[in-house]
Amino acid sequence: MGTVRTSRTPLPGIGVRYDLTTREHRRLSVVAHRDGARTLSAYREDDPDACALSVQLTGGEAEAIARTLMPTHQSPSLLSTTELGLVAERISLSSVSHWNGRLLGDTRMRTETGVSIVAVLRRADAIPSPGPGFRLAGGDTLIVIGTREGVDAAAEILGRE
């Protein structure tokens, strides 16, 4: 495997452009905008200065692509698996979630899935062991522990819009 050729170019007032030349001599670039957005571009094989594809991405979309490019043997949101068959996973609530503004107890999570919500991550805060009276908000990330089937069911319930 050869050395990967990359370069970094500051773009005043915009952000930074990162260029990569693949082993197949294809040129890719990512412009990291100051607002967190990204522009991913691929250049034509026969003319490396001609753009063949340019995709505008939000910060969240760029993060999702970065996670899919990382080689893992398990779900990127999977925190751990024990010999008991339990998993701990992060489940995010969308901004338009049905549960936005509702109480955690309203989800009936433990009753319906057997899953425990052990913490909620909100902005820069972690709320450990939230009780049934805890009010959920769009953008929250819930740390859940349960069986694989229970966690999948919890993700389905929490994904409701």
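Fair warning: this is a prediction, and the values are worked out from it, not measured in the lab.
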Calculate, to the nearest 0.5 Å, the distance between atoms [atom1] and [atom2] belonging to [X] and [Y] respectively.
| X | Y | atom1 | atom2 | value |
| --- | --- | --- | --- | --- |
| I14 | R34 | CD1 | CZ | 9.5 Å |
| L57 | E63 | CG | CD | 11.5 Å |
| I143 | I91 | CD1 | CD1 | 9.0 Å |
| I117 | L142 | CD1 | CG | 4.5 Å |
| L28 | T21 | CG | OG1 | 8.0 Å |

Can you find a heavy atom in the side chain of [X] that is under 4.5 Å from one in the side chain of [Y]?
| X | Y | result |
| --- | --- | --- |
| L136 | N100 | no |
| F134 | L103 | no |
| E149 | D152 | no |
| R8 | V16 | yes |
| H33 | T39 | yes |

Next on the checklist: Does S29 form a side chain to side chain donor-acceptor pair (under 3.5 Å) with Y43? I'd like the steps, not just the answer.
Outcome noted: CA-CA 8 Å; S29 73; Y43 296 86; 3.2 Å; yes
Item to check | Steps toward side chain to side chain contact (heavy atoms under 4.5 Å, CB included) verdict (R122, I127) | outcome: CA-CA 8 Å; R122 180 175 287 165; I127 298 99; 4.1 Å; yes
Has the side chain of [X] got a donor or acceptor atom that lies under 3.5 Å from a matching backbone atom of [Y]?
| X | Y | value |
| --- | --- | --- |
| E61 | T58 | yes |
| R38 | G36 | yes |
| T113 | V115 | yes |
| R135 | G101 | yes |

Next on the checklist: Heavy-atom count check: over 12 atoms from other residues, nucleotides or ligands less than 6.0 Å from E45 CD?
Outcome noted: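 Atom CD in E45 is not packed in, count stays at 12 or less.
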Next on the checklist: W99 vs T107, test: side chain to side chain contact (heavy atoms under 4.5 Å, CB included). Steps then yes/no.
Outcome noted: CA-CA 8 Å; W99 304 108; T107 67; 3.7 Å; yes
Would you name the heavy atoms of [X] and [Y] that are closest together and state the gap between them?
| X | Y | value |
| --- | --- | --- |
| L93 | L158 | CD2-O, 3.5 Å |
| A37 | D35 | N-OD1, 2.9 Å |
| S92 | T141 | OG-OG1, 3.3 Å |

Next on the checklist: Working note: E89 + R148, criterion salt bridge (Lys or Arg N to Asp or Glu O under 4.0 Å); need CA distance, chi angles, decisive distance, verdict.
Outcome noted: CA-CA 9 Å; E89 199 165 303; R148 172 81 268 152; 2.7 Å; yes
Item to check | S97 and R160: side chain donor to acceptor below 3.5 Å | outcome: no
Item to check | Step-by-step side chain to side chain contact (heavy atoms under 4.5 Å, CB included) determination, R27 to T22 | outcome: CA-CA 6 Å; R27 196 164 72 86; T22 71; over 6 Å; no
Checklist entry - Are R17 and D19 within salt-bridge range, i.e. N to O under 4.0 Å? => result yes
Checklist entry - Going through the distances and angles, do D46 and R44 end up as a salt bridge (Lys or Arg N to Asp or Glu O under 4.0 Å)? => result CA-CA 6 Å; D46 61 335; R44 289 186 21 198; 2.8 Å; yes
Checklist entry - Should V31 and L11 be marked as a side chain to side chain contact (heavy atoms under 4.5 Å, CB included) after you check the CA-CA gap, both sets of side-chain angles, and the distance that decides it? => result CA-CA 9 Å; V31 175; L11 303 172; 3.8 Å; yes
